[in-house]
Amino acid sequence: MASVATLAAAVTSRVTAHGNVVLQAVDTSALPDIGEAWIEKNPYRGNPKAIAIGKSAYNQNCARCHGLEGISGGIAPDLRYLDVGEAGDAWYIQRYHKGSSRDGKVYMPPIGDVLGQKAGWAIRSWLDTVHEE
């Protein structure tokens with residue numbers, strides 16, 4: 001009985017605990033330079049190289065909370081439902097760059113300064129390809 005209780009506690013803690021997110025570097029050297037100042041519209045929309053980089057970057061850095069291939073398991077918002085195109089760019093880049101917190105709780109860490117603007121827009125380019133209504 002004690003073994004079953006110990007196993008259940010171990011499995012439960014692994015399933016529900018997320019711990020600190022360690023971001024993986026994204027190689028954006030193949031993408032056109034866009035400068036240091038944060039821009040409001042995705043400069044890589046429709047760019048096949050950016051989409052490929054964005055898919056990899058998403059799966060390495062975002063899928064832990066937002067779900068593989070953009071399909072959320074309920075922990076964080078399902079990003080397939082973001083507005084596509086310029087309509088969703090402002091909300092997306094704000095969350096990516098600044099994160100999200102309420103009542104002192106961090107729901108999404110700010111990752112823009114860590115991964116950079118090019119990686120953010122590459123991820124956004126990929127997200128546009130998996131959009132659902």
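Under the side chain to side chain contact (heavy atoms under 4.5 Å, CB included) criterion, Trp91 pairs with Leu82, Arg95, sequence neighbours left out. Under the salt bridge (charged side-chain N to carboxylate O under 4.0 Å, His left out) criterion, Glu132 pairs with Arg80, sequence neighbours left out. With sequence neighbours excluded, no residue satisfies side-chain hydrogen bond (donor to acceptor under 3.5 Å, both in side chains) with Thr28.
Listed for the Lys118 side chain is a donor-acceptor partner under 3.5 Å among the backbone atoms of Leu31. Remark: side-chain polar atoms of Tyr58 are paired, donor with acceptor, to backbone N or O of His66 under 3.5 angstrom. In this structure, Ser56 contributes its side chain and Ile53 its backbone to no donor-acceptor pair below 3.5 Å. No donor-acceptor distance shorter than 3.5 angstrom exists from the side chain of Tyr92 to the backbone of Asp83, with no hydrogens or angles considered.
Linking Ile, Leu, Val, Met, Phe, Trp and Tyr residues whenever their side-chain heavy atoms come within less than 4.5 Å leaves Ile39 and Val84 in two separate clusters. Leu68 and Ile123 fall into different hydrophobic clusters, defined by Ile, Leu, Val, Met, Phe, Trp and Tyr side-chain heavy atoms under 4.5 Å apart, directly or through other members. In the hydrophobic cluster analysis, where Ile, Leu, Val, Met, Phe, Trp and Tyr join through side-chain heavy atoms closer than 4.5 angstrom, Leu23 is grouped together with Leu127.
Annotation: the span from Leu79 atom CG to Cys62 atom SG amounts to 7.5 Å, rounded to 0.5 Å. One distance of note links CZ of Arg45 with CD1 of Ile51; it measures 10.0 Å at 0.5 Å rounding. Rounded to the nearest 0.5 angstrom, Asp89 CG and Gln94 CD are separated by 13.0 Å. Taken to the nearest 0.5 Å, the OH atom of Tyr96 stands 4.0 Å off from the CG atom of Leu115. Interatomic distance, Arg64 CZ to Gln24 CD, rounded to the nearest 0.5 Å: 10.0 Å. One distance of note links NZ of Lys105 with OG of Ser100; it measures 12.5 Å at 0.5 Å rounding.
The two residues Ser72 and Cys65 have their closest heavy-atom pair at OG-O, 4.4 Å. Residues Ala30 and Lys49 approach most closely at CB-CE, 3.6 Å, considering heavy atoms. Closest heavy-atom contact between Asp78 and Gly70: OD1-O, 2.8 Å.
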- Does the pair Ile111 and Asn61 meet the rule for a side chain to side chain contact (heavy atoms under 4.5 Å, CB included), with working shown? CA-CA 10 Å; Ile111 62 175; Asn61 293 295; 5.6 Å; no
- Between Val26 and Gln60, does a side chain to side chain contact (heavy atoms under 4.5 Å, CB included) hold up when you go through it step by step? CA-CA 9 Å; Val26 178; Gln60 291 176 55; 5.8 Å; no
- Item | Ser125 and Asn42: CA distance, side-chain angles, deciding distance, side chain to side chain contact (heavy atoms under 4.5 Å, CB included) verdict | CA-CA 7 Å; Ser125 296; Asn42 187 352; 3.0 Å; yes
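Taking the six-membered ring for Trp and the full ring otherwise, Tyr44 and Trp121 have centroids separated by 6.0 Å or more.
With contacts defined as side-chain heavy-atom distances shorter than 4.5 Å, the pair Glu40/Ile93 does not qualify.
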